[in-house]
J.: 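Questions regarding the structure given below will be posed in turn.
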2 protein chains.
Amino acid sequence: MTHSERAAELFHALADPTRLEILDELRAGECCVCELMDRLQAGQSRLSFHLRVLKEAGVIQDRREGRWMYYAVNAEALAELGDLVDSFKQAKRARRVAGCC
Amino acid sequence: MTHSERAAELFHALADPTRLEILDELRAGECCVCELMDRLQAGQSRLSFHLRVLKEAGVIQDRREGRWMYYAVNAEALAELGDLVDSFKQAKRARRVAGCC
DNA sequence: AATATATATCAACAATATTTGATAAGTCAA
DNA sequence: TTGACTTATCAAATATTGTTGATATATATT
């Protein structure tokens, strides 16, 4: 996976209102799926889908406890995200003007 | 537009490798479309499409000079993005355990 | 073992996004 | 004003995502 593919994966995971609402809930600590269903008024398979997208991008982690799955934000991913955004802010050395057209 | 819809729009604009490569080029300063075509080896209408997505999300700005359009990163959007990421890092006050299930 | 509960996965469908080639619009130079 | 050049827009085709309801899996309880 190239650098920009990985970055795109990370941003894509955040590019959906439902997933952002999930993350907002998780900011208050880890949370099981049924509680998320309650809070977001979202169907089970819909949530499961979005949780998987977030998890595959590394944005959240899960942990089983009995029949419940608890999801939590993955701090590493947030750091990665912060670094990405910082890199946007950092100017590159200017290219020589290429005379393209 | 709700808060999470706006955030999703911003992240969506960044959720594509081509668009990230465009931004990477723009980090070196403003750039016209034909130069981007050169550098990214991308077709004109394809670039135009991605530039529009970035522009509509407010991530970049354009400026006409003669027949050229120059695109540049919009610093405001980067600040907005940084704030968003910071807000993820900031914990919310813990919810009372809701006893959902 | 049988049943209930919590969640994941699947398949079908719907909605969005992306790519491509063609054409239009704006600007410049002759 | 004609022609060349740069970029935007459009329409069609394709690809990717998201939703929904049904079913499967894992765990707990009886």
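Since this is a predicted model, take the numbers as computed values, not measurements. Here is the naming used below: chain letters follow the sequence lines, and residue numbers restart at 1 for every chain.
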J.: Could you pull out all residues at least two apart from A:Lys89 that satisfy salt bridge (Lys or Arg N to Asp or Glu O under 4.0 Å)?
T.: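 Checked A:Lys89 against salt bridge (Lys or Arg N to Asp or Glu O under 4.0 Å); zero matches.
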J.: Give, for atom CG of A:Leu81 and atom CZ of A:Phe11, the distance between the pair rounded to the nearest 0.5 Å.
T.: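 These two atoms lie 5.5 Å from each other.
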J.: In residues 46-59 of chain A, which ones come under 4.0 Å of DNA chain D, going by heavy atoms?
T.: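 The answer is A:Arg46, A:Phe49, A:His50.
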J.: Could you run through nucleotides 24-30 of chain C and give me one letter per nucleotide, 5' to 3': B if any protein heavy atom sits under 4.0 Å from the base, S if only the sugar-phosphate is that close, - if neither?
T.: ---BSS-
J.: Check DNA chain D against residues 14-28 of chain A and give the residues with a non-hydrogen atom under 4.0 Å, in numerical order.
T.: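 Going residue by residue through residues 14-28 of chain A, the ones with a heavy atom under 4.0 Å of DNA chain D turn out to be A:Asp16, A:Arg19.
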J.: Only counting residues at least two apart or in another chain, list the ones meeting salt bridge (Lys or Arg N to Asp or Glu O under 4.0 Å) with B:Glu21.
T.: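 Salt bridge (Lys or Arg N to Asp or Glu O under 4.0 Å) check on B:Glu21 returns nothing, list empty.
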J.: Please report the interatomic distance NZ(A:Lys92) to CG(B:Leu23), rounded to the nearest 0.5 Å.
T.: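 Output value for this atom pair is 10.5 Å.
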J.: For A:Glu56, enumerate each residue passing the salt bridge (Lys or Arg N to Asp or Glu O under 4.0 Å) test, keeping only those at least two apart in sequence or located in another chain.
T.: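 Applying salt bridge (Lys or Arg N to Asp or Glu O under 4.0 Å) to A:Glu56 gives A:Arg52.
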J.: B:Val53: what forms a side-chain contact (heavy atoms from CB on, under 4.5 Å) with it, not counting sequence neighbours?
T.: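 Residues passing side-chain contact (heavy atoms from CB on, under 4.5 Å) with B:Val53: B:His12, B:Ala13, B:Arg19, B:Phe49.
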J.: How many angstroms lie between CG in B:Leu26 and CG in B:Leu54, if you round to the nearest 0.5 Å?
T.: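 Here the rounded value is 8.0 Å.
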J.: Is there side-chain contact between B:Glu30 and B:Ile60, with heavy atoms separated by less than 4.5 Å?
T.: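 Counting from C-beta outward, B:Glu30 and B:Ile60 never come under 4.5 Å.
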J.: Taking N and O atoms by type only, does the side chain of A:Gln44 place a donor or acceptor under 3.5 Å from a partner on the base of C:dA8?
T.: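 Per atom types, the contact qualifies.
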J.: Atom SG of A:Cys32 and atom CG of A:Asp62: how far apart are they, to the nearest 0.5 Å?
T.: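 Between atom SG of A:Cys32 and atom CG of A:Asp62 there are 12.5 Å.
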J.: At 4.0 Å (heavy atoms only), tell me whether A:Tyr71 reaches a base, stays on the sugar-phosphate, or touches nothing.
T.: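 It contacts sugar-phosphate atoms only.
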J.: Please identify each residue that fulfils side-chain hydrogen bond (donor to acceptor under 3.5 Å, both in side chains) with B:Glu65, with sequence neighbours left out.
T.: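 Partners of B:Glu65 by the side-chain hydrogen bond (donor to acceptor under 3.5 Å, both in side chains) criterion, ordered by chain and then number, come out as B:Arg63.
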J.: Could you run through nucleotides 11-16 of chain D and give me one letter per nucleotide, 5' to 3': B if any protein heavy atom sits under 4.0 Å from the base, S if only the sugar-phosphate is that close, - if neither?
T.: ------
J.: Going by side chain to side chain donor-acceptor pair (under 3.5 Å), name the pairs with one or both residues in residues 70-85 of chain B, residues two or more places apart or in two chains.
T.: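 Every side chain to side chain donor-acceptor pair (under 3.5 Å) pair that includes a residue of residues 70-85 of chain B, provided the two are not neighbours, is B:Arg6-B:Glu80.
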J.: Could you list by number each residue of residues 4-13 of chain A showing a heavy-atom separation from DNA chain C of less than 4.0 Å, or answer none if no residue does?
T.: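 Nothing qualifies; none.
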J.: Would you kindly give the CG-to-P distance between A:Asp62 and C:dA6, to the nearest whole Å?
T.: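 Taking atom P of C:dA6 as the reference, CG of A:Asp62 is at 18 Å.
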J.: Side chain of A:Ser45: nearest nucleotide among D:dT7, C:dA8, D:dG21?
T.: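 Closest of the options to the side chain of A:Ser45: D:dG21.
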J.: For A:Ser48 and A:Ser45, indicate whether the former's side chain and the latter's backbone hold a donor-acceptor pair under 3.5 Å.
T.: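 It does not hold such a pair.
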J.: Do you know the tightest heavy-atom contact between B:Gln41 and B:Asp38?
T.: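 The answer is NE2-O, 2.9 Å.
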J.: Can you name the residues that form a salt bridge (Lys or Arg N to Asp or Glu O under 4.0 Å) with B:Asp86, not counting sequence neighbours?
T.: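 Here no residue qualifies.
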